[in-house]
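For reference, the structure discussed in these notes is given below.
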Amino acid sequence: MNLDGRPKMVKNRQKRGADADEKSAQAACFLKCLCYTCIQYHYAYGVIMITIKAPAKINLALQVTGKRADGYHLMRMVNFSADHCDVLTLAPAPELSLSCDHAAVPTGDDNLIMQVARRLQKKFGVARGARMHLTKQIPMQAGLAGGSADAAAALRGLSALWELPLAEADLFAFGAAIGADIPYCCVNRPALVSGIGERVEPLAHFPKFSILGVKPPIDIPTPWAFARLDAAGDAREDTTDKLLAALASEDLGAAGRWAANAFEPVIFEAYPEIRTIRDRLLAAGARFAVMSGSGSTVIGYFKTTAEARAARPAFEAGRQVFTAEIYRPEG
């Protein structure tokens with residue numbers, strides 16, 4: 001079945017009578033009005049199930065431009081989503097529950113998925129629950145916003161399942177109150193992201209490329225990385241505007257000259273292995289390589305899928321490695 005970027009009703013082929021047909025039509029009509037991406041909607045045997053892809057977020061560039069009085073950092077980021085995805089499935093249930101195929105993922109109220117669900121219930125007075133299951137592929141504590149991607153998927157999925165009146169601006173505001181990356185993860189398109197992550201401006205032009213992501217067995221907590229960056233105090237030149245000009249011309253080579261991550265100097269100093277991965281990706285034929293987020297994943301940018309796949313085996317020992325394309329939802 002095809003996840004084509006717009007909500008779809010997948011109807012059971014057997015006839016189930018007028019009531020089932022009417023419910024299917026109502027659900028299809030409701031979903032047509034949604035602008036959420038990557039949702040697949042099933043109605044069969046009287047049970048609604050929703051399946052949503054949660055793509056990994058990649059920072060092509062990340063600059064820290066200041067710090068608010070409340071401690072939040074201001075940033076300018078150029079983000080895109082990769083088609084390396086977690087998958088969240090949801091179904092009606094009397095109570096809320098979450099399960100996951102990865103034992104290291106918490107499934108209680110400390111999980112962002114459950115936090116989204118609890119807050120939606122409280123805000124809209126929802127008495128119903130949901131049975132949710134997460135299939136995990138995005139590496140954890142990797143700079144790929146896996147938790148935020150899952151939370152955004154829950155926000156979209158539960159809004160559909162519970163038929164909540166959430167417009168795009170509401171999604172952004174609601175998500176930003178839980179995690180700074182959630183507004184972008186509701187969009188999943190190449191974009192300039194600023195503020196603390198709540199301002200998302202999709203980019204009209206973006207070059208095509210394939211990526212090879214390499215995460216060493218190093219977990220970097222984001223608060224620790226920001227503390228190191230604050231202590232260093234040496235602001236780098238903000239090359240975001242030059243990068244945006246290169247992206248507008250869809251010139252991958254020029255984009256590589258201006259892609260930069262403000263965390264790299266402090267993270268490379270603390271973990272030289274991550275710098276070595278960056279250098280090895282360049283030696284393996286990547287046009288350029290940049291750490292995503294606060295690390296520890298380094299992304300190598302290749303012109304073709306074949307090039308990225310050919311470079312992959314040299315990095316697999318002892319690391320989490322994936323190849324991917326740009327995720328491009330339709331609509």
Side-chain angles (χ1 to χ4, degrees), residues 56-82 139 141-149 176 179-185 190-201 203 206 209 211 213-216 218-247 252 254-279 281-282 286-301:
K57 177 224 68 178
I58 311 291
N59 297 113
L60 181 60
L62 186 158
Q63 300 293 336
V64 178
T65 60
K67 190 175 182 180
R68 299 194 322 193
D70 60 6
Y72 280 97
H73 289 79
L74 300 172
M75 293 179 286
R76 294 186 82 204
M77 300 175 286
V78 177
N79 294 353
F80 67 94
S81 295
Q141 288 191 300
L144 303 175
S148 294
D181 281 323
I182 294 176
Y184 172 75
C185 292
L192 173 65
V193 181
S194 57
I196 64 169
E198 80 282 9
R199 293 198 290 272
V200 182
E201 303 171 53
L203 300 176
F206 206 72
F209 49 75
I211 64 170
V214 182
K215 183 195 180 292
I218 298 170
D219 296 336
I220 300 178
T222 300
W224 177 89
F226 272 114
R228 296 277 296 198
L229 190 64
D230 289 343
D234 51 345
R236 300 176 67 178
E237 178 192 0
D238 185 354
T239 59
T240 306
D241 290 334
K242 295 175 181 177
L243 173 60
L244 292 173
L247 294 173
L252 183 60
R257 288 194 290 276
W258 303 116
N261 184 332
F263 283 108
E264 284 188 343
V266 295
I267 299 301
F268 288 176
E269 180 182 15
Y271 298 103
E273 179 185 347
I274 301 175
R275 183 201 302 271
T276 300
I277 291 171
R278 191 274 310 269
D279 294 344
L281 282 165
L282 295 173
R287 299 311 198 261
F288 59 98
V290 182
M291 191 177 72
S292 183
S294 57
S296 60
T297 303
V298 182
I299 306 295
Y301 294 82

Heavy-atom side-chain proximity of V290 to V298 below 4.5 angstrom: no
Residue list, salt bridge (Lys or Arg N to Asp or Glu O under 4.0 Å) with D219, at least two apart or on another chain: K215
Heavy-atom check, side chain of L203 versus side chain of F80, under 4.5 Å: no
Non-hydrogen atoms of A142 and P139 that approach each other most closely: CB-O, 3.6 Å
Chi angles and distances behind the side chain to side chain contact (heavy atoms under 4.5 Å, CB included) call for V214, T297: CA-CA 5 Å; V214 182; T297 303; 5.8 Å; no
E269 CD: over 12 foreign heavy atoms closer than 6.0 Å: no
Plane angle bin for F288 and Y301 - parallel if under 30°, tilted between 30 and 60°, otherwise perpendicular: parallel
Pairs meeting criterion salt bridge (Lys or Arg N to Asp or Glu O under 4.0 Å) with involvement of residues 256-266, two or more places apart: none
From CA spacing to verdict: side chain to side chain contact (heavy atoms under 4.5 Å, CB included), F209, R287: CA-CA 10 Å; F209 49 75; R287 299 311 198 261; over 6 Å; no
Distance (rounded to the nearest 0.5 Å) between L244 CG and R76 CZ: 6.5 Å
CZ-CD1 distance between R68 and I196, expressed to the nearest 0.5 angstrom: 4.5 Å
Residue among D230, T222, T65 satisfying side-chain hydrogen bond (donor to acceptor under 3.5 Å, both in side chains) with H73: D230
4.5 Å side-chain heavy-atom contact, I277 and Y271: no
OG-CD1 distance between S296 and I274, expressed to the nearest 0.5 angstrom: 5.0 Å
Nearest heavy atoms of A255 and A246, plus distance in Å: N-CB, 3.5 Å
Heavy-atom side-chain contact between M77 and Y184 under 4.5 Å: no
Smallest separation among heavy atoms of T239 and A260, with atom names: OG1-CB, 4.1 Å
Shortest non-hydrogen contact between A289 and R278, atoms and distance: O-CG, 3.7 Å
CD1 on I267 to CG on L229, rounded to 0.5 Å: 8.5 Å
Approximate separation, where rounding is to 0.5 Å, of S292 OG and L144 CG: 5.0 Å
Which atom of A262 lies closest to which atom of P265, heavy atoms considered: O-CD, 3.4 Å
I299 versus G213, closest heavy-atom pair with distance: CD1-CA, 3.8 Å
L192 side, atom CG; L60 side, atom CG - distance, nearest 0.5 Å: 11.5 Å
Flag side-chain contact, heavy atom, 4.5 Å: V193 against N59: no
